[in-house]
Structures are given as structure tokens and as C-alpha cells.
Amino acid sequence: MALRFFNTYSREIEEFEPRDPTARSIRMYTCGPTVYSRAHIGNFRAYIFEDLLQRHLELRGYKVHRVMNITDVEDKTIRGAREAGIPLQKFTEQFKDAFFEDAHMLRIKRADDYPAATDQRYIARMIEMISALISKGLAYQADDKSVYFRINKFPDYGKLAHFDLTQLQSTGRVKHDEYDKEHIGDFALWKAWDEADGDVKWDSPWGPGRPGWHIECSAMSMALLGDQIDIHCGGVDNIFPHHEAEIAQSEGVTGKKFVRYWLHCAHLLVDGQKMAKSLGNFYTVPDVLAKSYTGRELRYALLRVHYRVPLNFTWEGMNEARESLARIDDWLARLRQIAKSGNVQRSTANAQRPTTAFEDALDDDLNISAALGFLFESIRETNRAMDQNKMDAAPASEWLDWWKRINTVLDLEAEADVVVPHEVAQLAEERENARREKNWKRSDELRDRISALGWEVRDTKDGPKLTRGAGSA
Ligand SMILES: [Zn+2]
């Protein structure tokens with residue numbers, strides 16, 4: 001089956017045909033974090049969706065060149081630096097570091113490039129683009145000295161968001177500092193310096209100032225990926241005005257179609273509500289890890305729902321993620337044992353063999369729920385075969401090879417180097433002795449002590465297994 005994606009531009013599922021089908025290389029641009037605070041788990045849901053997309057394309061034999069920008073200059077970063085009383089760069093640096101740390105914990109593959117908007121090379125590119133737009137009559141400098149994009153001169157403006165511009169005019173509120181614009185929907189390409197910007201400013205043909213957020217992405221995408229790209233991703237809240245503006249700017253300059261496929265990830269809710277600091281349901285990656293969950297567990301929880309469906313994050317969901325991963329871990333351990341045994345005596349004529357159902361589901365607009373459904377169905381059936389001694393080394397190895405293949409997409413295998421602390425191992429051994437002596441009270445006490453140390457002991461067919469648990473949280 002061919003790859004198919006839902007294209008926000010057409011609002012339809014389309015067969016995926018890259019710009020250059022023979023080269024099998026894909027240019028992908030993903031809007032990255034605005035580094036004015038630590039990214040929340042809703043941001044990471046989108047980054048994990050993009051990670052899944054890249055990995056699946058790679059599984060299907062494409063080479064992906066992915067760019068993720070870092071927005072380190074816009075209103076919020078400038079305000080943050082001013083309030084903290086430190087230079088902009090110093091202020092944003094801490095959140096850049098935090099972003100990379102969190103992405104690493106969630107096993108998100110690194111992009112090929114992480115261009116920063118304040119990089120002089122890209123500032124020069126932005127200025128170049130704005131000049132081109134002005135010379136084409138698509139932009140103008142207003143009395144406030146800022147430069148705006150003239151949306152009335154770009155007939156396709158609104159096509160991505162399926163947005164009616166006349167509505168924008170009637171409902172839009174004119175802020176006092178926006179009187180200078182010709183149309184309420186005109187957006188800033190270059191913001192003239194004002195006192196609140198402090199020393200954050202660059203020289204330009206229009207006077208000192210700084211770029212608007214939208215032009216940053218157009219310029220960095222063009223600088224690193226060329227005039228036309230295959231896939232552009234982001235969260236649904238990026239569609240308007242950000243991505244709409246990117247199209248207008250890029251196509252306004254080149255006259256060529258900017259993006260072939262626009263893919264957008266739905267929102268993340270927490271306990272059924274929009275995440276908000278005021279509601280106390282605003283979580284970062286460290287907030288989740290502080291409750292003794294692992295990055296792997298959070299990755300699973302954020303990955304398992306189809307990207308176009310809103311994902312409801314709950315602690316119950318985190319526990320389910322833990323249970324699902326434990327099932328995978330146990331299954332792999334059993335398969336490995338059988339594969340190692342080299343046993344070929346058992347009757348395995350009817351043993352289930354891996355199919356391509358997992359990859360096929362992902363071909364269908366990244367249907368991860370169906371793909372995982374197939375994984376767990378396979379686990380159930382192969383476990384049954386193992387229970388009945390109907391699985392020997394050959395099919396077990398086949399399943400392990402299959403796992404290796406699909407895990408290049410999932411990246412959900414347990415770290416091999418998780419070291420059980422000595423104290424925990426000792427308590428587990430004492431507990432095993434207590435169980436052998438059928439001293440259940442003592443065994444339960446020891447389980448509680450192990451749990452208080454942040455570990456969980458589970459009794460399996462192959463003896464007790466220690467995993468990182470929820471601890472006393
Ligand atoms: Zn962007």
C-alpha cells in the first residue's frame with residue numbers, strides 16, 4: 001500500500017508523492033519551540049508525532065532531511081529576558097538546553113539542523129526576503145516604521161486555514177498600535193525597534209528592528225531546504241496565522257509552491273481540559289518524571305493516539321502506558337529465551353508468523369492505534385503459543401527480528417543498562433525467600449519497601465522481575 005497522509009491544505013487524504021520520487025529523499029520542516037519557558041507535554045506530543053512520521057518514512061526507505069527551528073526572538077522571549085534582567089541570549093539558552101534534554105528523555109530523533117532565528121545568516125536571509133516582497137508590492141513599510149505583508153495582494157491567503165478574510169475584517173479588533181496597517185490581517189515581517197526591545201535589534205533597510213515570527217520560518221526553511229519542500233508539520237494552532245503567513249511569504253518571493261503536504265497534530269488535553277497554568281494541570285517533562293515515570297513511558301503515552309485525534313493525558317493513562325510496556329518487555333524476554341534455546345523439537349507448523357500489518361497501518365496516515373493494536377494482538381497470540389509449548393526457536397527469532405524492525409519506529413525498548421540498586425535487589429531477594437517460606441505478610445512488607453524506593457516487583461513465570469515503579473508518588 002502506498003503512503004497516504006491527510007493534507008491540511010486540501011483537507012483530504014492524499015497519496016504521498018515526494019517532489020523527487022527517484023532520489024527517495026524528503027525535505028521536512030517542523031516548527032520548533034519558542035524558548036521563553038520550558039516546553040510542556042502538549043508541545044512534545046507534536047514533536048513525538050513528527051518523530052514518528054520521520055521514523056516511518058525512514059522505515060519505508062526514504063532519507064529524511066529534517067529541519068526544526070528554534071524561535072529565540074519574538075515578543076515572549078524579549079519580555080522574559082527583560083523581566084529576568086539578563087541578555088536575550090542568556091535567557092533563551094537555558095530553555096534551549098531544557099528542550100534538548102527533554103527531547104532526549106523522550107527518545108526523539110535529532111533533526112539534521114536546528115537553526116536559531118537570531119543567527120546572523122538567517123537574519124540576512126529574512127531581510128533579503130522582505131526586500132523582495134516589498135519590490136513585488138506584497139509588502140510595505142507603514143508609518144510606524146514596521147514592514148507588513150499586504151494580504152490583499154496575495155489571493156491564496158487563507159487557503160490553508162480555509163479562512164474567510166472578510167470575517168477577519170469584521171471581527172478583528174484594531175489595537176492602537178496597528179492603526180498604521182492597511183488591512184487588519186496584514187502581519188508584521190519586520191518590527192521596528194521600540195524601547196521595550198532594549199538592545200535586541202538588528203540593522204535593516206527600514207531602520208533598526210527585529211524580524212516577525214513568521215518570516216523566521218520561511219527564511220530558515222528556504223536557507224536549509226530550498227524553495228520547495230515535501231512536508232511541513234506543526235500543531236493545529238500553527239495553521240493560522242503562522243503557516244498561512246509562511247506560504248504567503250515563501251510563495252510571494254519564489255512564485256513556486258512552497259509545501260506539498262501540510263500535516264498538523266491535534267491538541268493535548270489534561271484530564272479532559274485544556275492545559276493551563278491557572279488550572280494546575282500544566283505539565284512539563286520533568287513534572288512527569290518527578291512522579292517516577294520514565295521518559296519511555298511518557299513517550300508511549302504521547303505516541304499511542306492517532307495524531308489527528310485530541311489526546312487526553314491522565315495519570316491513569318501513564319499507568320496504562322507502564323503496563324503496556326511491561327507486556328512488551330515480558331514478551332521480548334520470553335521470545336529471547338526460546339530463540340536462545342535453539343529448540344526445534346516442538347510442533348510449530350501453525351505458529352503465527354509476523355506480517356506487514358504494523359507498517360501497513362502506519363502507511364495509512366500514521367494510524368498508530370491500529371499498528372499498536374496489531375502489536376498487542378500478536379503478543380497475545382504468540383504468548384498463547386508459548387504457553388502451549390507451540391513456539392520454537394525459528395518463529396521466536398522471526399518475531400524478534402520483526403520487533404527490531406518496528407522498534408526503529410517505536411523506539412520503546414527498555415534500556416538494557418537499567419541498573420537495579422543493590423539495596424533494592426537485596427530486598428527483592430529477601431522477599432523471594434519470604435515467599436518460598438509462604439510468609440505472605442513479610443513478603444508484602446518487603447514489596448512495600450521496594451515500592452517506596454521507586455521500584456516495582458512483579459512475579460512472572462520466570463521469577464520476580466524488578467522494574468522502575470511509581471514509588472510512593
Ligand atoms: Zn514555524
Side-chain angles (χ1 to χ4, degrees), residues 7-9 26-37 39-40 42-51 53-54 64-78 92 95-96 99 103 108 111-119 121-123 125-127 129-130 133 149 151 154 156-161 163 187-191 210-254 257-267 307:
N7 189 347
T8 307
Y9 198 87
I26 289 170
R27 300 169 185 181
M28 180 167 156
Y29 189 90
T30 49
C31 288
T34 299
V35 281
Y36 71 103
S37 70
H40 56 67
N43 302 129
F44 280 102
R45 186 209 177 179
Y47 305 146
I48 282 183
F49 141 66
E50 290 154 2
D51 182 59
L53 174 61
Q54 172 171 7
V64 179
H65 182 176
R66 182 162 68 90
V67 174
M68 177 178 267
N69 69 296
I70 307 281
T71 300
D72 57 358
V73 57
E74 47 73 78
D75 296 346
K76 291 191 288 269
T77 54
I78 292 174
T92 55
F95 300 116
K96 276 187 205 178
F99 166 73
I108 294 172
D112 299 271
D113 301 285
Y114 288 103
T118 53
D119 186 323
R121 277 175 299 174
Y122 303 123
I123 297 271
R125 193 71 183 237
M126 294 170 211
I127 290 174
M129 285 186 81
I130 297 168
L133 292 170
F149 190 94
I151 61 167
F154 189 79
D156 282 351
Y157 194 77
K159 280 213 173 147
L160 174 70
F163 205 89
F187 55 88
L189 297 165
W190 187 261
K191 294 189 173 185
R210 59 186 165 99
W213 172 37
H214 313 314
I215 195 73
E216 295 177 0
C217 281
S218 279
M220 293 190 280
S221 171
M222 199 178 290
L224 290 159
L225 296 172
D227 293 351
Q228 295 180 288
I229 64 173
D230 295 291
I231 302 176
H232 196 313
C233 302
V236 284
D237 45 359
N238 286 148
I239 296 173
F240 194 89
H242 186 52
H243 290 164
E244 194 74 62
E246 281 188 41
I247 294 175
Q249 298 161 154
S250 298
E251 297 188 3
V253 169
T254 66
K257 192 165 176 65
F258 172 39
V259 172
R260 291 174 74 85
Y261 301 90
W262 285 96
L263 272 63
H264 291 100
C265 179
H267 281 296
Y307 74 96

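We count ligands from 1, going down the list as the structure has it; atoms in each ligand are counted the same way. Position 1 is the first residue of the sequence; numbering continues from there.
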- So, for Ser221 and Phe258, which heavy atoms are closest and what is the spacing to 0.1 Å? OG-CE1, 3.6 Å
- Message: For residues 219-228, which residue pairs pass the salt bridge (Lys or Arg N to Asp or Glu O under 4.0 Å) check, not counting sequence neighbours?
- Response: Asp227-Lys256
Side-chain polar contacts of residues 241-249 - donor-acceptor pairs under 3.5 angstrom, sequence neighbours left out - could you list them?
| residue | atom | partner | partner atom | Å |
| --- | --- | --- | --- | --- |
| His242 | ND1 | His214 | ND1 | 2.9 |
| His242 | NE2 | Glu246 | OE2 | 3.0 |
| His243 | ND1 | His264 | NE2 | 2.8 |
| Glu244 | OE1 | Leu160 | N | 3.3 |
| Glu244 | OE1 | Ala161 | N | 2.8 |
| Glu244 | OE2 | Gly158 | N | 2.8 |
| Glu244 | OE2 | Lys159 | N | 3.2 |
| Glu244 | OE2 | Leu160 | N | 3.3 |
| Glu246 | OE1 | His232 | NE2 | 2.7 |
| Gln249 | OE1 | Ile215 | N | 3.2 |
| Gln249 | NE2 | His214 | O | 3.1 |
| Gln249 | NE2 | Ser218 | OG | 2.8 |
| Gln249 | NE2 | Ala245 | O | 3.4 |

- Note on the structure: Under 2.8 Å from the Zn ion (ligand 1), the protein N, O or S atoms found are Cys31 SG, Cys217 SG, His242 NE2
- Message: Between Leu263 and Asn7, is there a side-chain heavy-atom distance shorter than 4.5 Å?
- Response: no
- Query: By side chain to side chain contact (heavy atoms under 4.5 Å, CB included), which residues pair with Phe95, not counting sequence neighbours?
  - Reply: Val35, Phe91
- Query: Is it true that Arg27 and Asp112 make a salt bridge, defined as a side-chain N closer than 4.0 Å to a carboxylate O?
  - Reply: no
